[in-house]
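Read through the structure below, which is laid out as structure tokens, and then see the notes.
Proteins come first, then strands; the chains are lettered A, B, ... in the order of their sequence lines, and each starts at number 1. Everything numeric here is computed off the predicted structure, so don't read it as measured data.
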Amino acid sequence: MPTRLSTAFVDNAARLAEASAAVTIAPVPPDCQSMRAHIKELVTQALGYLKRDGVLVIDQAPEPEVERTRSREHGDYACNIALGLARVVGKNPRELAELIRSRLPDSRRVEKVDIAGPGFLNFFASPHYLRVVVRDILRAGDDYGRAPEGSRDDVLLEYVSANPTGPLHVGHGRGAAYGASLASILSAAGHRVQREYYVNDYGRQMDILAVSVWLRYLELAGERVAFPSNGYHGDYIYDIAREVRRRHGDHLRHTGMDVAEGLPVDADRDGGAEAHIDALIERARQLLGEQGYEACFSAALEIMVADIRDDLDGFGVVFDRWFSERGLQQSGALDRALKRLEAGGWLYRKDGATWFKATELGDDKDRVVVRENGRSTYFASDVAYLLDKLERCSGTSLYIFGADHHGYVPRLKAAARGLGENPDRLDFQLVQFAVLYRGQTKVQMSTRSGSFVTLRELREEVGNDAARYFYVMRSHDQHLDFDLELAKSRASENPVYYIQYAHARIASVFRKLEETGQRHNLAIGESSIHRLDGDHEQELLRSLGRYPEVVENAAERRSAHLLAHYLYELAGQFHAWYNNSHFLVEDEEVRNARLNLTAATGQVLRNGLGLLGVSAPEEM
RNA sequence: GCCUCGGUAGCUCAGGGGAUAGAGCAGCCGCCUCCUAAGCGGCAGGUCGCAGGUUCGAAUCCUGCCCGGGGCACCA
């Protein structure tokens with residue numbers, strides 16, 4: 001197949017775009033595209049030609065699916081479009097494949113195209129392309145694999161959003177690691193990403209926190225008070241109480257008698273514990289007054305949020321905004337959202353409460369938005385926050401929930417409909433649970449037993465790198481067995497160390513080079529890149545070239561584990577090559593070509609690990 | 001009961017319409033005078049839970065069943 005400059009096909013593309021609305025042209029120049037996207041476009045254009053010339057009579061050409069082949073015999077990429085389209089246009093698949101092939105624009109990235117099996121189009125990457133991969137990587141550096149910002153729709157990603165009533169535990173850790181990695185991946189794939197943590201700083205659980213803190217505060221002050229069974233029992237409550245004492249001295253002190261007098265019995269049966277703690281909250285409000293209560297409440301909130309934030313920061317998990325639920329009330333956003341539902345006729349009153357007609361919008365039951373007691377529900381805040389998000393973000397509002405929250409999906413979609421918004425702009429990713437193992441034995445997660453439960457303890461035990469990687473190495477959609485022993489192991493069976501070791505080895509090659517007084521000459525390496533003809537080298541080249549589409553794919557499928565797997569594979573290919581051949585050879589062409597490939601591999605490992613929040617050490 | 005995620009090698013998991021189903025670990029056998037053996041190579045290992053269906057083609061989609069995780073608040 002003769003080669004033509006790729007600009008030619010861009011021109012073709014532009015002309016075609018005018019000729020046929022069915023053909024859409026991506027705004028990304030071909031050299032920045034992943035190979036997969038590039039081939040997709042070649043096929044799309046061929047279909048466009050066939051359609052324009054009346055050879056194919058179709059309304060809308062389907063978007064071609066291009067996949068990497070499993071076996072080398074089938075080239076590098078395969079497209080099955082002819083198999084799917086054959087029946088629609090009444091031709092046999094192989095014949096159709098031949099037609100498509102005949103109209104494929106030339107590309108220097110494609111060596112040849114075969115028609116195989118029942119009608120697959122098999123694309124073989126050109127040697128030119130494979131060589132250019134190394135050059136591109138070394139030139140783009142940290143930007144290799146990054147699509148231009150804004151080339152995909154904007155995403156507002158909300159994740160973690162754990163209640164600030166206690167420290168993060170290992171379950172939150174998975175959502176945090178997954179969310180942070182996904183945010184980076186989406187951003188690399190060209191989405192503009194806003195990361196948000198929704199702080200539930202309003203409602204009964206927060207009141208219980210405030211009261212728990214206050215009671216511990218009284219205890220520290222020397223009062224004798226019974227602690228409610230439904231309060232927060234963790235030791236961290238004492239820490240907060242100490243801080244409250246430091247700030248407010250004895251100003252919030254009342255006698256144990258005054259606190260306890262006339263409260264319903266704290267009993268497990270018949271909701272006694274609930275009634276007890278509610279009464280306790282009321283009592284705190286009375287005794288402390290609005291200001292005193294608020295002092296206690298806000299200290300508890302502030303300290304807890306600061307702790308969570310510090311924890312996440314230490315884990316490399318960051319947010320652009322910490323969105324306050326209370327803020328929704330204060331700003332009037334909540335009222336506005338309810339009015340919007342009201343205006344659409346989606347609210348009604350029953351039993352003294354205000355209900356949202358979720359059932360008519362796809363949920364399985366109606367939801368209360370304002371309780372009989374006049375307080376709005378958590379769901380009402382959710383609706384208000386949703387509205388706010390959809391107004392602030394032109395694209396997708398992406399939620400990362402623990403799997404136990406899956407029931408929220410239909411009600412939030414219903415809310416979107418009720419607000420008059422398109423529910424397809426919401427995307428929900430459910431993160432399944434992680435179970436910790438120490439070797440073969442399951443780690444019990446009870447707070448009581450003192451075995452570890454917090455994210456911080458996990459990070460301290462296995463380190464941030466292992467924790468970040470382990471959390472995302474399985475599909476988020478899948479239960480995760482997290483083996484602490486494996487995570488700490490410094491051997492090849494531990495995938496994090498295996499990958500990091502590959503990176504460290506690469507750095508060590510360059511250190512060794514310097515020690516021997518030699519220099520890496522990029523230019524010689526580039527012009528000699530054709531000397532990389534060994535099987536291991538060819539395989540590495542192919543994998544390196546695949547990186548951008550791995551990122552693309554991981555973003556589309558919201559699957560960080562695809563990147564984790566890829567890096568593991570890439571590291572494996574490097575180790576195999578390393579063991580199989582020497583880099584610091586006499587021949588200056590071969591040496592520099594190999595050093596270029598080595599440097600490129602290091603760069604891709606670094607970029608990929610960076611997206612996962614894992615460090616790429618120079619030595620280990 | 002309803003909703004949801006799953007059942008793929010001894011174990012942990014990829015693959016989620018396509019061409020001979022893949023890794024790692026565990027098992028067995030090999031590889032350091034040489035840039036990190038914290039590594040590499042080889043062998044062995046599978047009725048893709050079961051039964052139907054759709055399709056030119058099903059581990060993959062649909063239905064039913066069996067087995068497991070999780071969820072179904074005027075809680076947050």
Side-chain angles (χ1 to χ4, degrees), chain A residues 65 67 69-71 73-74 78 80 83-84 86-87 92-93 116-120 122 161-165 200-209 230 274 325 350-355 364-365 367-382 402-410 430 432-433 435 437 440 473-475 477-483 486 489-495 497-498 500-502 504-513 515-516 536 557 561-562 564-565 568-569 571-572 574-585 594-595 598 619-620:
Chain A
E65 283 172 37
E67 292 177 341
T69 55
R70 294 191 193 172
S71 133
E73 300 160 43
H74 301 135
N80 65 359
L83 282 86
R87 198 194 345 212
N92 91 48
F120 289 106
N122 287 338
S161 298
N163 281 344
T165 51
N200 294 118
D201 51 9
Y202 174 77
R204 187 159 169 268
Q205 291 306 315
M206 276 309 298
D207 286 321
I208 295 175
L209 176 76
N230 278 7
E274 302 293 331
E325 180 181 1
K350 192 183 87 181
D351 304 332
T354 306
W355 297 70
D364 52 7
K365 53 185 78 161
R367 307 287 170 181
V368 172
V369 287
V370 182
R371 276 179 282 223
E372 198 178 355
N373 66 11
R375 279 191 114 179
S376 60
T377 58
Y378 181 80
F379 176 65
S381 301
D382 284 345
D404 54 337
H405 279 59
H406 87 266
Y408 282 67
V409 176
L430 302 177
Q432 297 292 329
F433 292 129
V435 180
Y437 283 83
Q440 298 298 316
M473 73 179 173
R474 303 289 175 230
S475 168
D477 217 359
Q478 193 86 20
H479 293 241
L480 170 73
D481 286 344
F482 190 128
D483 185 344
L486 184 61
S489 148
R490 317 194 100 230
S492 65
E493 70 236 29
N494 178 352
Y497 280 94
Y498 185 76
Q500 291 184 316
Y501 180 45
R505 265 187 159 171
I506 288 167
S508 131
V509 168
F510 286 97
R511 277 197 300 273
K512 194 71 189 178
L513 180 76
E515 277 171 33
T516 59
H536 287 106
R557 294 184 36 192
H561 77 283
L562 296 175
H565 279 277
Y568 184 67
E569 215 176 288
F574 178 77
H575 285 306
W577 180 43
Y578 179 97
N579 262 63
N580 181 268
S581 54
H582 284 266
F583 306 160
L584 305 182
V585 293
R594 288 183 179 169
L595 287 171
T598 303
E619 56 189 323
M620 295 177 71

Would you classify [X] as touching base, sugar-phosphate or nothing, given that sugar-phosphate means primed atoms plus P, OP1 and OP2, and contacts are heavy atoms under 4.0 Å?
X        : answer
A:Asn80  : base
A:Glu493 : sugar-phosphate
A:His405 : base

[X] side-chain N/O to [N] phosphate OP1/OP2 under 4.0 Å:
X        : N     : value
A:His561 : B:G15 : yes
A:Lys365 : B:C3  : no
A:Gln478 : B:G69 : no
A:Arg367 : B:A73 : no

* Asked: Under 5.5 Å between ring centres and under 30° between planes: does that hold for A:Phe120 against the base of B:A19?
  ->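 Yes, A:Phe120 stacks on the base of B:A19.
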| task | Could you say whether the aromatic ring of A:His74 and the base of B:A19 stack, counting only centre distances under 5.5 Å and plane angles under 30°? | result |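 Yes, A:His74 stacks on the base of B:A19, since the ring centres sit under 5.5 Å apart and the planes are within 30°.
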Q | Base-paired stems that RNA chain B participates in, counting runs of 3 or more Watson-Crick or G-U pairs under 3.5 Å | A |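 So the stems come out as B:1-7 with B:66-72, B:10-13 with B:22-25, B:27-31 with B:39-43, B:49-53 with B:61-65.
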Which one, [options], comes nearest to the side chain of [X]?
X        : options             : result
A:Tyr578 : B:G71, B:C75, B:A37 : B:A37
A:Ser475 : B:C3, B:G69, B:A14  : B:A14
A:Asp481 : B:U20, B:C35, B:U12 : B:U12
A:Arg557 : B:G71, B:G16, B:A38 : B:G16
A:Glu67  : B:G18, B:C35, B:C13 : B:G18
A:Lys512 : B:C13, B:G70, B:C35 : B:C35
A:Asp477 : B:G6, B:G41, B:C75  : B:G6
A:Asp404 : B:G69, B:G71, B:C74 : B:G71
A:Ser508 : B:G69, B:C35, B:G15 : B:C35

Could you measure between the two C1' atoms, the one in B:C2 and the one in B:G18, and give it in whole Å?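 Taking atom C1' in both B:C2 and B:G18, they lie 36 Å apart.
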Earlier contact from the 5' end, RNA chain B, for A:Ser581 and A:His575:
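Whichever sits nearer the 5' end wins; that is A:Ser581.
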inquiry  = Nearest heavy atom decides the nucleotide; on that basis, is A:Asn122 or A:Gly407 closer to the 5' end of RNA chain B?
reply    =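 Final value for this comparison: A:Asn122.
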message = Is it the case that the side chain of A:His74 and the backbone of A:Ala116 share a donor-acceptor pair, with hydrogens and angles ignored and the cut-off at 3.5 Å?
response =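 Side chain of A:His74 to backbone of A:Ala116: no pair is present.
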**Asked** Just how far, in rounded Å, is C1' of B:G6 from CG of A:Leu480?
**Response**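 Rounded to the whole Å, the gap is 14 Å.
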Take atom NE2 of A:His479 and atom P of B:C67, then tell me their distance rounded to the nearest Å.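 Interatomic distance, NE2 of A:His479 to P of B:C67: 18 Å.
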Given protein heavy atoms under 4.0 Å, the one-letter contact record of nucleotides 29-34 of chain B, with B base, S sugar-phosphate only and - none, is simply -----B
Discussion item. Give the residues of residues 368-379 of chain A touching RNA chain B, defined as any heavy atom closer than 4.0 Å, sorted by residue number.
Written reply: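 Residues of residues 368-379 of chain A under 4.0 Å from RNA chain B: A:Val368, A:Arg371, A:Glu372, A:Tyr378.
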